[in-house]
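Following: one structure in structure tokens, then a few remarks.
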Amino acid sequence: MFCTVTCNPSLDYTLSLPSLCVGQVNRAAAAALTPGGKGVNVARMARRLGLPVRAAGFAGGFTGDALARALAEEGVETAFLAPGTGCTRINVKLLDGRTATELNAPGPAAAESAWEALESSLAGLGAGDVLVLSGSVPPGAGQGVYGRLAAGPAARGALVAVDAEGPLLLQALAARPFLVKPNREELAALFGQPVDTFARARAGAARLQAAGARHVLVSMGADGAVLLAEDGTCYAAVAPSGAVRSAVGAGDAMVAGFLAGWLAGGAPAPALCWGIAAGSAWAFAGGPPSGETVRRFLGQIAAKPLATGGEIE
Ligand SMILES: Nc1ncnc2c1ncn2[C@@H]1O[C@H](COP(=O)(O)OP(=O)(O)OP(=O)(O)O)[C@@H](O)[C@H]1O
Ligand SMILES: [Mg+2]
């Protein structure tokens, strides 16, 4: 089973406006309500790539019910637990044709009993399963929660992927996750070094690998990505070019694509290409693309070995 955990998902309410005037009444030309949250994005992309997917984490109230229903309509099995009290948040995105303004709610806190129930619900995951832990955690949660959720499944042989920032990511590394996927800004913030070249991405990836990560995928937006594989080989691939509708969630699609590619072949370079294809296809579509669209981009992407100095060989 391919299982995603989203501890603070959302319903995203996207309003398209001719222009946005703060402090005045604005009338939207169009509105859409879609499932949101990083693990939720991974689940939607993985499902479109043909995998059986279960979306877990916390969801509550009528908004949590609506989120689960929307995912079920896409063929994603849902196994959300109530966080305690409170409703899943609604995040508002305002598009005025030039910029996107986001209003994100904090979301409900999760009770300790809810964390315990979530951890127990992952007890069945082991060899042959994938577990993706993605995104921020509810207010009040400690920075060690991903390490705690990852430990059991990773020890039993599940492929655990962690896509998180700062201490939340660092504290998960002791569980030896199969994949971590910082973007270049997140990697730069972790070590206080700019990540503006493939060589610097490789150097930062090596530090995460030394701390416990097995494969490190550094996404670099339109420039593509660098993969430092578990066996020490390193690859870079450039993203295809195209008109971007919205790159928000492209990194989540990349996580799904990499894991789907790995499950299909078990080799790092093709998995990197799958990751880029899914990420770029998502960015061009401004949301989840079809599996067929991702496959079409695959042919345009080549992973090249990257030398220690950062030159493409
Ligand atoms: N402008 C772009 N043009 C082409 N491909 C893109 C572009 N932006 C993103 N991508 C694709 O998506 C992948 C992941 O993008 P990015 O590095 O922006 O992830 P991210 O910052 O983690 O995104 P998020 O956290 O919002 O999901 C890139 O490696 C690339 O393949
Ligand atoms: Mg990201």
Side-chain angles (χ1 to χ4, degrees), residues 4 6 8-10 12 14 34-46 49 91 93 100 102 104 132-137 146 161-166 168-169 172 179-190 194-198 200-202 204-205 208 215-228 235-261 269-289 293-304 306:
T4 64
T6 315
N8 201 2
S10 59
D12 289 345
T14 304
T34 50
K38 300 185 76 59
V40 163
N41 293 340
V42 176
R44 297 177 80 199
M45 186 70 252
L49 293 174
N91 287 340
K93 313 209 180 280
E102 301 196 21
N104 291 348
V132 181
L133 304 170
S134 263
S136 61
V137 292
Y146 279 170
V162 181
D163 183 5
E165 296 180 28
L168 196 55
L169 172 63
L179 176 71
V180 298
K181 194 221 66 70
N183 64 26
R184 70 181 136 196
E185 292 78 21
E186 290 158 355
L187 189 60
L190 280 176
V195 179
D196 45 5
T197 62
F198 284 159
R200 286 181 159 159
R202 181 185 182 148
L208 288 176
H215 299 275
V216 183
L217 180 54
V218 182
S219 67
M220 304 176 74
D223 292 334
V226 166
L227 172 69
L228 180 59
Y235 304 88
V238 174
S241 50
V244 172
R245 278 224 184 104
S246 164
V248 176
D252 310 325
M254 168 172 257
V255 170
F258 180 91
L259 293 167
L272 169 61
C273 295
W274 272 96
I276 300 233
S280 296
W282 181 294
F284 301 151
T293 305
V294 174
R295 280 182 202 94
R296 218 174 37 241
F297 281 113
L298 252 191
Q300 300 178 25
I301 302 158
K304 307 258 174 62
L306 190 70

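As the structure lists them, so they are numbered: ligands from 1, and atoms in each ligand from 1. Small disclaimer: the values here were computed from a predicted structure and weren't measured.
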Inset, instruction - Give the protein residues with at least one non-hydrogen atom closer than 4.0 Å to an atom of ligand 1, ordered by chain and number. - result: Lys38, Lys181, Asn183, Ser219, Met220, Gly221, Ala222, Gly224, Ala239, Pro240, Val244, Ala247, Val248, Gly249, Ala250, Gly251, Asp252, Met254, Ile276, Gly279, Ser280, Phe284
Inset, instruction - Under the side chain to side chain donor-acceptor pair (under 3.5 Å) rule, collect the residues that match up with Thr293, sequence neighbours excluded. - result: Ser290
Legend entry - Partners meeting side chain to side chain donor-acceptor pair (under 3.5 Å) with Asn104 (sequence neighbours left out): none
Side-chain donor-acceptor pairs of residues 269-278 under 3.5 Å, sequence neighbours excluded:
none

Legend entry - Side chain proximity check, Leu208 to Leu187, heavy atoms < 4.5 angstrom: yes
Inset, instruction - Nearest 0.5 Å please: distance from the CE atom of Met254 over to the CG atom of Asn183. - result: 10.5 Å
Inset, instruction - Verify whether one side chain among Thr14 and Asp12 offers a donor that lies under 3.5 Å from an acceptor in the other. - result: no
